[in-house]
Protein chains: 2
Amino acid sequence: MPTVSSEELAAAAGVNSAKLRKDFSYLGSYGTRGVGYDVEYLVYQISRELGLTQDWPVVIVGIGNLGAALANYGGFSARGFRVAALIDADPAMAGRPVAGMPVQHTDDLEKIISENGVSIGVIATPAGAAQQVSERLIAAGVTSILNFAPTVLSVPDGVDVRKVDLSIELQILAFHEQRKAGEEAAAAGSAPAPSAPSGDGGVADAPGGAGAAPVAAVEPPAGRAAAALRKNGPEGEVPAVMPA
Amino acid sequence: MPTVSSEELAAAAGVNSAKLRKDFSYLGSYGTRGVGYDVEYLVYQISRELGLTQDWPVVIVGIGNLGAALANYGGFSARGFRVAALIDADPAMAGRPVAGMPVQHTDDLEKIISENGVSIGVIATPAGAAQQVSERLIAAGVTSILNFAPTVLSVPDGVDVRKVDLSIELQILAFHEQRKAGEEAAAAGSAPAPSAPSGDGGVADAPGGAGAAPVAAVEPPAGRAAAALRKNGPEGEVPAVMPA
DNA sequence: ATGTCTTTGTGAACGCGTGCACAAAGATTG
DNA sequence: CAATCTTTGTGCACGCGTTCACAAAGACAT
């Protein structure tokens, strides 16, 4: 297939064809009217604009389970990223091979960054170490950080940080799951609970699962908040930890 | 701190206080005018609406590096998720403990799902196995899937899928990194390259790093696309693989 | 070479989310 | 109890992104 029309591409991606054309137009006029877009040329243009044609050296700091998984992750090299070094604060880790590469100690962080011309760092340390690591990375010349630690990093202007919270995705799924269960229970004839899912008796059964339903996980609050609960809360059930 | 105002909360979160109040209002009128929101009660209400007050059993399928990292990830249990089982297709993995839990074989997938009332599944398998695994999970009663495999899953209506692509985050960072370098080069006096970053000579130096700059990673295209390139492309450089 | 047909590129309208601004509500003080 | 002060809850307007719709451009057939 040498060329594609915006219509075909839009259908495949599940978006509007006009939006797709407008987005492409920001890259320049790479299409041919009456024909469409030359596939190979389009791929090249998008890749170039996205920075995929360059080889980006990255360092991973914190070689625990997640760090090791990231080091082994094949998707990175497929997209033009090269893991230049693995760094960990644990002296016992130093020299141990992970993903065919020896782990280096944090002491050499600055040296590693500058020798490899690294501008992107990945932080997979425990939450407590993340801020300090980010500061050292930035001081050594890193200007983009991918943060897997459950902390908000404060960084100077000009430094990009993206935070990935693996449990947030699960929370979003659980939220919809709860909604499904609530609607199901409402439709089954219980108390309607129009907008907010009931969260208690309504969800007696996991939808499609066996009888074992999710059960309350935490104790109800005591003290003044409990009073507040009784004041106008629907019914006393359970609070939970908001932060990670 | 028993209560918070929308103003304080908004400042801490870096958002507009009006938006925050409007968002809260969708949950109900839980604030007190002249005072603010009761912290503990607010936490409880949000937790409940988000489904955090329930204990959600999840299974992780595919215990490679990533699967093992997820199994060990502390953030899940902190948010009300409980890893009910680890499942892998490799017979050699069966019985081996990961994160203090024996890995079980794919053969028992359906049994595990139904016995634990699991409605959320995590797929951390290679891309090739993901679709098939998702079908078995769904058939067994799972209605929400968190997909780490680099494939688009096709699922029936009523099933939620969220895809996490770890390299996409890096791509976004690299994109901004390239923009920074492009602007820097433009400001330094080279050819302006107003909207699109130049991507070639302009990025001679990693910003802040040492002299070692990112270098071209792939070969230029040949054949008809190469002709197209020469037709109106800025200059021949390099294409790259778009899909993972 | 001329006409027709396909598909792009984009101006204009629509819709939605965000932010402003204020009235209502309740606490607090004298 | 009245007055004042704080903070919520929300109607309204602005701005941005998405979508529609169409003129311009180029391929292709005659």
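Keep in mind it's a predicted model, so treat the numbers as computed, not measured. Throughout, a chain's letter reflects where its sequence line sits, starting with A, and its residues are numbered from 1.
- Residue A/Ser6 places its side chain closer to C/dT8 than to any other of D/dT19, C/dA21, C/dT8.
- Between the CG atom of A/Leu42 and the P atom of C/dT8 there is a distance of 11 Å, rounded to whole Å.
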Output a table of nitrogen or oxygen pairs between the protein and nucleotides 15-18 of chain D separated by less than 3.5 Å.
unit_1: D/dT18; atom_1: OP2; unit_2: A/Lys19; atom_2: NZ; d: 3.1

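- Using a 4.5 Å heavy-atom cutoff, the side chains of A/Ile138 and A/Thr143 are not in contact.
- Rounded to whole Å, atom P of D/dT6 lies 20 Å from atom CG of B/Leu9.
- Between the side chains of B/Gln131 and B/Glu135, at least one donor N or O lies within less than 3.5 Å of an accepting N or O.
- Screening residues 148-161 of chain B for salt bridge (charged side-chain N to carboxylate O under 4.0 Å, His left out) gives A/Lys180-B/Asp160 as the qualifying pairs, with residues at least two apart or on separate chains.
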Step by step, work out the side chain to side chain donor-acceptor pair (under 3.5 Å) result for A/Glu40 and A/Tyr44. CA-CA 6 Å; A/Glu40 195 172 353; A/Tyr44 163 67; over 6 Å; no
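- Using modelled atom types, one side-chain atom of A/Asn147 and one backbone atom of A/Thr151 make a donor-acceptor pair closer than 3.5 Å.
- Under the 4.5 Å side-chain criterion, counting only non-hydrogen atoms from C-beta, B/Ser134 is in contact with B/Ile123.
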Per-nt protein contacts along nucleotides 22-30 of chain C (heavy atom under 4.0 Å; B base, S backbone sugar-phosphate only, - none) come out as --BB-S---
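- Listed pair B/Ser5 / D/dT7 fails the phosphate criterion, with no side-chain N or O lying under 4.0 Å from OP1 or OP2.
- As judged by a 4.0 angstrom heavy-atom cut-off over every strand, B/Phe24 is placed among residues making no nucleic acid contact.
- Counting heavy atoms from C-beta outward, B/Val43 and B/Arg48 have side chains that stay 4.5 Å or more apart.
- Between the CG atom of B/Leu27 and the P atom of D/dT10 there is a distance of 12 Å, rounded to whole Å.
- If you take CD of A/Glu7 and C1' of C/dT8, they are 11 Å apart, rounded to a whole angstrom.
- Aromatic ring centres of A/Tyr37 and A/Tyr30: separated by at least 6.0 Å.
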